[in-house]
2 protein chains.
Amino acid sequence: MTAPLKHRTLSAAIVDRLRQAILAGTYPAGTQLRQDAMAETYGVSRIPVREALFQLEAEGFVRIVPHKGAIVSELSLDEINDVFDLRCLLEPRLLSQSAPRFAEADFAALDAIQARFEAAIAAGDVGQWGVINAEFHMALYTKARQPRTQSIVAALLQTSDRYTRLQLSNTAAMGIAEQEHAELIRQCRAGRFAEAAAFLVGHIEAVRADLLRVVARSGAAGGDTNSRSVALE
Amino acid sequence: MTAPLKHRTLSAAIVDRLRQAILAGTYPAGTQLRQDAMAETYGVSRIPVREALFQLEAEGFVRIVPHKGAIVSELSLDEINDVFDLRCLLEPRLLSQSAPRFAEADFAALDAIQARFEAAIAAGDVGQWGVINAEFHMALYTKARQPRTQSIVAALLQTSDRYTRLQLSNTAAMGIAEQEHAELIRQCRAGRFAEAAAFLVGHIEAVRADLLRVVARSGAAGGDTNSRSVALE
DNA sequence: CTAGCGTAGATTTTATACAATCGAGGAGTC
DNA sequence: GACTCCTCGATTGTATAAAATCTACGCTAG
């Protein structure tokens, strides 16, 4: 199996750990991440920390202001909608090009991920859920010849994960997602690609609707004036 | 005038200089960028160079392999089509949301950019062309509330610039683009937003067609060592 | 009492130095 | 003769330390 825990460089390891920490809410939006503190926390020098922060900035997790530092990005309603709109636009396009090229090995890979997904749900492992979900979606698109779109969607999936974590441990939603993934595999196996693409949009929209429901209930979801941040404190 | 030449940090300056060098073809695709050499060339330490390379990797200009170094990305037909498909998909969407919100100040800004565009064309300043073109497109989308899409399109425009440079000093195409930009402004001023969006797609497709024509005639886009860069159907 | 200026502290940015890693080429062995 | 292993050189990755920059606080002057 691929060993995602093995990193070839310290910076990459810090990227993962910091990202997980942000996803888990250890560093809430607005938190300033001081290089010294991070270096101390993870027992490394400040150089890997710096590089990790830059990487996370490229991924959209933090905002870096020169000479001022890195601040964990705010979550905004505008961005939620933007991200999910983009996913609805791009993912079906990837699937349509990728799915017809699937061989049996690709389906086997999907099944394997699906199995791990079920296991993670059963174990209630919220941290793994988003990771495996992203893995599944990307596996659907491996055969597409759209390298740029693929990397964009990979980033979008990570951002989605961050938002989705707001509704922590929504096991019901996780179960639904798992069933929908299974349905996607079935439709692709049956060669019903257009149907699968449409179903995929529904799947993404369902997640978005779920998320918006939680955000709306949890309080003022970003004023309409500037619609900045989701109040979370 | 805006002062884009002033950078708040060395790393940012190196990013710009390296990017320009790659765009200009000083470092062709496949070139390995050694940190030592870059540091020496620009008279700085290796730290800013490293950070610049990471930034450029996020922008898609180089590919970094741990412990091996940074290699200037290859240009592939797949990516050309992917990038332009994405632009055709995303840019009209931005325009539709942004244009109806334009105030007079926004149109004035567009006119100012347009003027600089004309000047650059008259001066035959190929290096500035892509920069101002990107500035114009992004100015069209300032009023859109789609932060993620905006940053994605900004990156796509830079990549487009890199491809477009292949047909160096195609002044005819530049003139056409300038006229089409003017038409876009007119349509937005007149409030014909749907028409403008459609026209925008035509504008992007025209650039792509022009580019593909040049690529097809000049043989291959990059090194055709492996099938990836010449994959066509 | 308020506004402006200057200084001190903290934090980031950059430089220098050291350690780890990869690839190539040669010696030794089967 | 071909293969394996190992050592060396080159390059990248990391740590430590110095330089530059920003923020905040206090002081002085009006």
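Below, chains carry the letters A, B, ... as their sequence lines are ordered, and counting in each starts from 1. Just so it is clear, the structure is predicted and the values come from calculations on it, not from any experiment.
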Q: Please tell me which of the listed nucleotides, dT12(D), dC22(D), dA15(C), lies nearest to the side chain of S45(B)?
A: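 Nearest nucleotide to the side chain: dA15(C).
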Q. Counting side-chain heavy atoms from CB outward, which of dC22(D), dG13(D), dT14(D) is closest to R8(B)?
A.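 The listed nucleotide nearest to R8(B)'s side chain is dC22(D).
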When the distance from [atom1] of [X] to [atom2] of [N] is rounded to whole Å, what number comes out?
X      : N       : atom1 : atom2 : value
L10(B) : dA19(D) : CG    : P     : 16 Å
E51(A) : dT12(C) : CD    : P     : 16 Å
D36(B) : dG9(D)  : CG    : C1'   : 13 Å
Q35(B) : dA10(D) : CD    : P     : 17 Å
K68(B) : dT21(C) : NZ    : P     : 18 Å
R50(B) : dT12(D) : CZ    : P     : 9 Å
Q32(B) : dT12(D) : CD    : C1'   : 10 Å
E40(A) : dT12(C) : CD    : P     : 14 Å

Q.
If you count heavy atoms of other groups shown closer than 6.0 angstrom to CZ of R8(B), is the number above 12?
A.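 Atom CZ in R8(B) is not crowded, with 12 or fewer foreign heavy atoms closer than 6.0 Å.
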(Q) Looking at R46(A) and dT14(D), is any side-chain donor or acceptor paired with a base atom of the opposite kind under 3.5 Å? (A)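 A donor-acceptor contact between them is absent.
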Q.
Below the 4.0 Å mark, does dT13(C) have OP1 or OP2 next to a side-chain nitrogen or oxygen of S11(B)?
A.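 No, because none of the side-chain N or O atoms of S11(B) sits under 4.0 Å from OP1 or OP2 of dT13(C).
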**Q.** Any T9(B) side-chain N or O less than 4.0 Å from OP1/OP2 of dT14(C)
**A.**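 True: T9(B) side-chain N/O within range (under 4.0 Å) of dT14(C) OP1/OP2.
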**Q.** Check: E118(A)/Q114(A) side-chain N/O donor and acceptor closer than 3.5 Å
**A.**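 Note: E118(A) and Q114(A) side chains miss the donor-acceptor criterion.
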Q. If you find the nucleotide of DNA chain D closest to I47(B) and the one closest to L33(B), which residue's nucleotide is nearer the 5' end?
A.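 Result of the comparison: L33(B).
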Q: Hey, which sits more toward the 5' end of DNA chain D by its nearest nucleotide, V44(A) or G69(B)?
A: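 Closest to the 5' end, via its nearest nucleotide, is G69(B).
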Q | Interatomic spacing from CZ in R50(A) to OG in S11(B) - rounded to 0.5 Å | A |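 R50(A) atom CZ to S11(B) atom OG measures 6.0 Å (nearest 0.5 Å).
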**Q.** Expected output: side-chain T142(A) to main-chain M138(A) donor-acceptor under 3.5 Å
**A.**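 No, because the side chain of T142(A) does not come within donor-acceptor range (under 3.5 Å) of the backbone of M138(A).
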Q. Which heavy atom of V83(B) sits nearest a heavy atom of T159(B), and at what distance?
A.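 Between these two residues, the closest heavy atoms are CG2-CG2, 4.0 Å.
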